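Please read the structure below before turning to the comments.
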Amino acid sequence: MSKQTQRKSMDYVKKEYKRTRTMPANWYLSSYEYKFNITHMQPFLKKLKEKKLVANKCSGCNRVFFPPRLVCGKCLVKPDRWVDIRDTARVATYAIAYLKDENSEVQEKPMVLVHHDGADTSSIAELAPGVDVKDTYISMPIKAHWKDNPEGGLMDIEYYDLMDDDAEDLNESK
Amino acid sequence: MDKVGIVGYNQVKCYSDANYGRYEMIFEAVRGAIDNAGLKKKDITTVISATNDYYDGRTISNCFTVEVGGGYMADESKVEMDGAHAMLYGLMRILSGNHKLAVIWGGSMPSCYPYHSARLYETDPTWERPNAYVNDITSSGFQMRAYMEKYGLSKEDIAKVAVKNKKNAAKNPLALEESQNPNISISDVLEAEIYADPVTELMVAPPCDSVAAVLLAPERQAVKITDKPVWITGVGWNQETYYLGERDLSQSTSMEHAAKAAYDMAGISNPRNDLDVAELFEVCAHEELIFTEALGLVEKGKGPQLNTEINGDFPINPSGGALGGNPPCATGLIRIIEAVKQIRGEAGQYQVGDVKRAVASGQIGMCAQNNILYVLEGEN
């Protein structure tokens, strides 16, 4: 980064420092580029291109991690085995967030912890935009909605679609 | 463990937008604690602060608080966690045998920055941040929903905790004015603005401006400084995995482990009988119930059945807890101060009968990832 842009991105502009009572300052964390070594995750990213999901499994405790983890905290080893999991899942728990979009209109968005069938851990995701949030419930069956042309990245799953729930205890679990 | 005593404390009142500068507020807290204990600047040998670079808007944010925090020509160090963790560091410094008086202070001013937006940067940048908008409030929603679902509890059960804490806060002159409401009802809590369904505004601990300070001293010095030292007889801390998806959110395993360690150290076998009061740091109303269960005060899922009013079966958060004001980095320290006040009989309107032993907790992270618990005892 050049000196000029760095100065600008840290918002260190002298003319803004007129007032003594309050001082403006901004931390642009979006200018921070986190590094992530994808070597260990290659099998996962390759399979995403085929619209398939794999999770990694710790040989110490046999837990299946999705999304894949670099390290199993319990055993302090790298999970080295890869297992296929389905792209169907269940809602582990959820909360509804209220976010402003570009037009400053508040939108309801259900944020969910998604428990994929065959995995032992859950991941954070959003539900399909059209879902009526009042119908969401814990253990609701959902399915990954893939992008048309997956590129082998985490964003290939855009959101999760609802599935028909044929469970008999549907009304009770609601 | 050698005996280490809390010999002084001070807290600045919580304000939602304080008419203080950052330095002033720290000075008032630390100087007040030193004055209350009848000490002088030269008595301070070590200073531990709890601040956060991001919350202070500058890097290495403890370097500018050296003078106001009492760190001039003393050794000074910082813990970028809750104030209760800074206390742990101070305790270790005293136990090393090299120090006679430790000042522990912590606090921050969320009126200067958007607190809940800053917490967005706590999620994993690779795996979580791109997927969904999750901050402390959304994750509290996850936790509350998981807890209610597992034990079949209703929103009213959770709202009761908020009602109790806001009523208690009304008796605490140092609590946040906006939180003090003696006439609050369950329907007020449920009908308040929704933050992240099912969490409403009145269930969330309101971030506010405040600084708190505590003085620690080894036994020999402590008995000289004050007639009423409060001894730290047990401490335990523990943390769970960082990823929310890997945890059972309906319980707090880390608090169970922390409590076991602290109880073992203090020789407590039956917490319900051996303890008199608890001051818990709850970021959201339901966390108090989860902690109550983790501390072994009631069976799992029975949290709402325990009467935790000031004159109830087992008083929890008589000061109003974090729902009565949550200054980031200070809240855990304030919980310890409130427990000390109960033991010394200085709590005024919210004093719980005769308190011999109390517990105070601090936490950090989403859904209470890291928990720390202190067992405090008075002079017998």
Side-chain angles (χ1 to χ4, degrees), chain A residues 20-27 29-30 32-38 41 63 65-74 91-99 108-116 119-127 133-134 136-139 153-155 157-160 173, chain B residues 19 21-22 53-59 109 111-113 116-118 120-121 123-150 152 193-199 239-250 284 366-367:
Chain A
T20 311
R21 202 181 121 70
T22 55
M23 291 288 183
N26 276 322
W27 279 32
L29 281 195
S30 54
Y32 195 99
E33 305 237 350
Y34 292 94
K35 269 191 185 168
F36 187 76
N37 186 353
I38 60 167
M41 299 294 167
R63 284 192 301 171
F65 296 104
F66 186 84
R69 294 261 183 279
L70 182 68
V71 167
C72 168
K74 200 173 175 184
V91 172
T93 178
Y94 66 102
I96 295 158
Y98 298 84
L99 301 176
E108 284 188 342
K109 279 195 171 180
M111 304 292 165
V112 290
L113 276 181
V114 177
H115 193 139
H116 272 268
D120 287 329
T121 61
S122 317
S123 55
I124 292 176
E126 280 180 28
L127 288 188
V133 292
K134 290 182 189 71
T136 317
Y137 57 95
I138 285 180
S139 82
L154 203 59
M155 296 288 94
I157 298 177
E158 288 181 315
Y159 45 78
Y160 282 79
S173 60
Chain B
N19 192 21
R22 181 88 171 98
D53 287 357
Y54 194 72
Y55 297 169
D56 271 335
R58 56 174 96 185
T59 43
M109 297 184 103
S111 58
C112 304
Y113 63 91
H116 295 301
S117 306
L120 266 181
Y121 291 99
T123 46
D124 187 281
T126 318
W127 298 101
E128 290 177 344
R129 223 179 280 170
N131 287 354
Y133 181 97
V134 173
N135 65 353
D136 55 331
I137 294 177
T138 323
S139 64
S140 290
F142 287 156
Q143 194 184 24
M144 178 169 164
R145 187 87 64 181
Y147 178 62
M148 291 193 320
E149 176 80 12
K150 178 146 184 193
E193 194 190 343
I194 292 177
Y195 267 21
D197 192 273
V199 174
Q239 72 177 342
E240 316 195 24
T241 170
Y242 166 69
Y243 296 97
L244 291 176
E246 216 175 308
R247 285 159 57 182
D248 181 359
L249 292 177
S250 65
C284 200
M366 284 200 181
C367 297

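Each chain gets a letter, A, B and so on, in the order its sequence line appears, and its residues count up from 1. Please read these numbers as outputs of a predicted model, since none were measured by experiment.
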Counting only heavy atoms closer than 4.5 Å, note whether [X] contacts chain B via side chain, backbone, both or neither.
X        : answer
A:Ala92  : neither
A:Met111 : both
A:Phe36  : side chain
A:Pro68  : both
A:Phe65  : side chain
A:Ile124 : both
A:Val112 : backbone

Using a 4.5 Å cut-off on heavy atoms from C-beta on, say whether the side chain of [Y] contacts that of [X].
X        : Y        : result
B:Tyr243 : A:Thr121 : no
B:Leu249 : A:Thr93  : yes
B:Arg129 : B:Tyr121 : yes

So, the part of B:Tyr195 with a heavy atom under 4.5 Å from chain A: the answer is backbone

Most heavy-atom pairs under 4.5 Å with chain A, out of B:Thr126, B:Val199, B:Thr138, belong to B:Thr126

Greatest number of non-hydrogen atom pairs under 4.5 angstrom with chain A, of B:Cys112, B:Ser250, B:Pro125, falls to B:Pro125

The reported gap from CG in B:Leu120 to CG in B:Asn135 (rounded to nearest 0.5 angstrom) is 5.0 Å

CZ (B:Arg247) and CE (B:Met366) are apart, to the nearest 0.5 Å, by 10.0 Å

Can you say whether the rings of B:Tyr113 and B:Tyr55 are parallel (under 30°), tilted (30 to 60°) or perpendicular (over 60°)?
parallel

Picking from [options], which has the most non-hydrogen pairs under 4.5 angstrom with chain B?
options                      : answer
A:Glu108, A:Glu126, A:Glu158 : A:Glu126
A:Tyr94, A:Tyr98, A:Phe66    : A:Tyr94
A:Lys109, A:His115, A:Arg63  : A:Arg63

Residues A:Ser122 and A:Pro67: closest non-hydrogen pair is O-CD, 4.1 Å

Backbone N/O of B:Ser139 and side chain of B:Asp136: donor-acceptor pair under 3.5 Å
no

Item to complete: Check whether any side-chain N or O of B:Tyr242 sits under 3.5 Å from a backbone N or O of B:Asp124 as a donor-acceptor pair, and report yes or no.
Response: yes

